Amino acid sequence: MDFAWLLQSLLNGLSIGSVYAVFALGYTLVFSILGIINFAHGAVFTLGAYLTYALAVGHFGINGLLADWTMPVTLPFVPALILGALLSGLAGMAVERLAFKPLRKRGADPLLALVSSLGVALIVVNLIQYLVGAEIYSFPADIFGDLPMAVIFKIGGKPVAVRTIQIILFGASLVMLAGLGWFIGRTRGGKALRATAENADTASLLGISVNRFILGTFFISGLLGGLSGTLIGVSFGVAGPYFGVSYGLKGLAVIVLGGLGSIPGAVLGGLVIGLGEAFLPSDMSSYKEAVAFVLLFAILLIRPQGLLGGRLEQKV
Amino acid sequence: MSGFFENYGFLLVTIVQQALLGLSIYFPLMAGQLSLASIGFYSLGGYVAAIMGTHPALAPLREALGFWMFPLEWLGALVLSVILGIAVGYPALRLRGIYLALATVAFVQVVNVAVLNMPIAGGAVGIFGIPQAFESRLDYIWFFGPLFLFALFLVWRIGNMGRGLAFFAVREDELAAGAMGVATTGNKVTAFVLGCALAGVTGAMSAPFLNTWNARQGTFDASVTCLAYVLIGGSRSIWGPLCGAALLVSLPELLRPLKDSRMILNGVVLVAACVYLPQGIMGGLAALRSRLAGRGGAA
């Protein structure tokens with residue numbers, strides 16, 4: 001328990017936790033408007049990583065139907081990241097059109113929307129596998145051009161390393177969080193979004209086009225999902241079409257830990273889980289994947305509404 | 001006919017086996033509790049049977065018991081599932097709706113990571129060479145068939161006695177049921193533990209059936225598939241889980257000529273079923289029947 005280890009774990013935890021927060025916000029936005037969890041969010045996360053990969057590297061891997069396809073142009077990493085995220089936003093809109101709108105129109109059980117979004121996730125994930133193959137491949141190491149891989153400094157004689165990707169993860173997440181906070185808190189669109197989240201019927205009486213706002217929410221949600229998919233993909237390597245499934249579940253743990261539907265809660269939940277994973281002693285590292293769920297189970301038992309969630313209402 | 005059973009015997013037994021898992025979700029759902037914990041208990045039950053069937057320390061016991069080792073494995077899985085079910089159920093059932101569903105998902109994930117890290121469970125590779133009860137896969141229907149009939153009987157019996165009425169009361173309105181003097185917590189835990197026990201025993205029967213057992217049996221995808229059996233089959237009919245399992249298990253087989261794209265179609269069927277059959281297959285049939293009856297009466 002020396003200071004260098006503490007600092008290193010803190011840095012690792014903050015950078016990965018901030019990406020968890022961005023990813024989880026995609027769930028939170030949809031949940032706060034529709035009261036439904038969008039299980040296709042993990043698939044959009046995977047899609048974002050693949051799209052950015054194709055835009056930045058120029059091809060879709062070496063297997064599958066698109067193996068011989070090469071992009072006419074390749075982009076530098078940052079524009080590829082932004083374009084990939086925007087395309088993921090469009091994918092998010094497609095998810096709403098396919099899995100949620102038809103059910104809403106028929107007034108079906110909200111539980112069914114959960115299954116239909118899983119159906120869409122199944123379609124997306126298997127379509128990716130069909131088109132680009134099932135093999136694992138990662139972003140090239142020189143994706144950031146001339147930037148050094150890591151900066152290493154010493155504290156009390158022990159090295160602490162800050163990887164370039166960690167700074168980028170943290171920076172990009174901060175920009176996204178600030179942008180989202182500004183949009184929701186300060187703009188007319190954000191105000192309408194909050195009104196729709198509060199009560200969709202009243203909002204539509206007040207002249208807000210609810211369907212358009214739901215679609216917009218799915219766009220932002222998909223954008224956040226695709227962006228975090230790319231960032232985590234660059235950090236750990238894109239691990240095949242099923243890469244989003246475990247992160248999809250971890251994202252759920254994040255939002256419930258923070259409080260379902262609470263935006264600051266999602267950020268706090270992401271950081272808590274990121275830090276929890278980073279501070280796990282190295283001899284227990286094989287249990288890393290369980291950290292989020294143990295924390296989730298514990299918080300549900302102590303405080304069922306999550307860290308920052310409002311009081312759960314009892315209907316009488 | 002014998003050719004049919006040779007080709008599709010495994011599939012038919014798998015349908016019953018999966019329908020059992022669907023029923024294990026149906027039990028808590030009878031009391032209005034959406035729990036996805038079943039697959040965790042299924043996984044643990046399978047590990048109990050796999051370890052009891054292969055561990056060298058138990059070799060003398062296996063020789064002494066012969067075929068009767070299998071019922072002993074079921075008993076082991078049953079006892080473990082009931083104890084763990086009560087331990088998880090009491091605290092978790094304070095939660096409602098989506099919170100309960102997510103807490104049970106968390107339970108399944110923790111079980112999964114735990115078995116991956118336990119040396120006795122064989123790590124990521126799992127356990128191989130589990131002793132077989134029968135020569136042919138089709139014969140495993142003698143394991144799953146009676147259990148399925150028993151589970152169906154239990155559902156039917158519960159629906160026709162005071163306990164069942166209490167379950168349904170809790171499902172429709174927990175607060176009102178409590179005010180009427182129904183022990184809501186007790187009923188919820190009973191329904192939950194019944195589901196856990198059924199899933200655990202199904203797992204113990206499945207380990208020899210599948211010959212190998214590993215952590216892939218207990219994934220989140222598997223939990224959701226089980227929920228889909230119930231929802232697509234019809235969550236208010238006891239035949240719903242069987243119908244849903246029959247459709248979703250046989251679909252990839254029927255679509256086998258399509259090779260890689262069949263999983264995509266599986267997803268399409270899932271979405272289409274949600275949109276066009278919101279009451280499930282059984283609900284859709286019931287609606288069709290009443291419509292036909294209504295037309296008959298008018299004429």
Side-chain angles (χ1 to χ4, degrees), chain A residues 31 35-37 39 64-65 98-99 102-103 105-127 129-130 242 245-246 248-250 252-253 255-256 260 284 286-298 300-301 304-306 312 314-316, chain B residues 29 34 88 90-92 94-114 116-117 123-124 173-176 179 219-221 223-225 227-228 230-232 235 259-280:
Chain A
F31 185 86
I36 295 171
I37 284 171
F39 269 107
L65 225 58
L98 275 171
L103 290 176
K105 261 169 61 185
R106 287 160 188 266
D109 184 351
L111 212 60
L112 276 175
L114 193 148
V115 177
S116 73
S117 68
L118 272 160
V120 171
L122 209 60
I123 297 172
V124 172
V125 166
N126 285 288
L127 206 58
Q129 187 177 350
Y130 191 52
Y242 294 97
V245 175
S246 62
L249 287 177
K250 211 177 271 186
L252 284 180
I255 58 169
V256 182
L260 263 181
M284 286 177 68
S286 53
Y287 288 95
K288 201 181 118 190
E289 289 304 306
V291 168
F293 302 102
V294 170
L295 285 172
L296 167 66
F297 205 76
L300 281 175
L301 299 185
Q305 70 271 42
L312 293 180
Q314 281 256 32
K315 63 171 178 164
V316 179
Chain B
L29 219 50
L34 173 63
V88 174
Y90 260 105
R94 285 169 42 208
L95 305 166
R96 290 148 194 276
I98 196 80
Y99 289 91
L100 175 63
L102 292 174
T104 52
V105 167
F107 167 76
V108 171
Q109 290 302 105
V110 171
V111 166
N112 216 357
V113 175
L116 274 174
N117 286 294
D173 192 333
E174 195 179 329
L175 219 60
T219 58
F220 172 71
D221 283 0
S223 315
V224 170
T225 310
L227 178 65
V230 181
L231 292 180
I232 286 185
S235 61
K259 294 209 180 83
D260 291 340
S261 51
R262 69 198 161 98
M263 286 307 285
I264 302 172
L265 273 165
N266 221 355
V268 172
V269 168
L270 222 52
V271 176
C274 289
V275 175
Y276 295 107
L277 278 174
Q279 299 296 317

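Letters A, B, ... mirror the listed sequences (proteins, then strands); counts begin at 1. Everything numeric in this text was worked out from a predicted model, so none of it was measured.
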> Which heavy-atom pair separates B:Ala103 from A:Leu300 by the least distance, and what is that distance?
Replying inline: CB-CD1, 3.4 Å

> Side chain, backbone, both or neither: which part of B:Leu34 has a non-hydrogen atom closer than 4.5 Å to chain A?
Replying inline: side chain

> Can you say whether A:Val256 sits under 4.5 Å from chain B via the side chain, the backbone, both, or neither, judging by heavy atoms?
Replying inline: side chain

> For the candidates A:Val125, A:Ile36, A:Leu122, A:Leu252, which exhibits the highest count of non-hydrogen atom pairs separated by less than 4.5 Å from chain B?
Replying inline: A:Leu122

> Does some side-chain heavy atom of A:Leu103 sit less than 4.5 Å from a side-chain heavy atom of B:Cys274?
Replying inline: yes

> Relative to chain B, which of A:Ser286, A:Ala290, A:Pro102 shows the most heavy atom pairs under 4.5 Å?
Replying inline: A:Ser286

>> Please give me the minimum heavy-atom distance between A:Phe297 and B:Ala92, naming the atom from each residue.
In response: CZ-CB, 4.4 Å

> Contact part of B:Leu227 toward chain A, heavy-atom cut-off under 4.5 Å: side chain, backbone, both or neither?
Replying inline: side chain

> Given the options B:Leu270, B:Leu231, B:Asn117, B:Val113, which has more heavy-atom pairs under 4.5 Å with chain A than any of the others?
Replying inline: B:Asn117

>> Could you work out, with side-chain contact (heavy atoms from CB on, under 4.5 Å) as the rule, every residue matching A:Val120, not counting sequence neighbours?
In response: A:Ala40, A:Val95, A:Leu98, A:Ala99, A:Val124, B:Val271

> Highest number of heavy-atom pairs under 4.5 Å with chain B: which of A:Leu249, A:Ile37, A:Val291?
Replying inline: A:Leu249

> Among A:Leu118, A:Leu296, A:Leu114, who wins on heavy-atom pairs under 4.5 Å with chain B?
Replying inline: A:Leu118

> Are more than 12 heavy atoms from other residues, nucleotides or ligands located less than 6.0 Å from atom CD of A:Gln129?
Replying inline: yes

>> Do A:Tyr130 and B:Ile264 make a side-chain contact, defined as non-hydrogen atoms from C-beta onward lying under 4.5 Å apart?
In response: yes

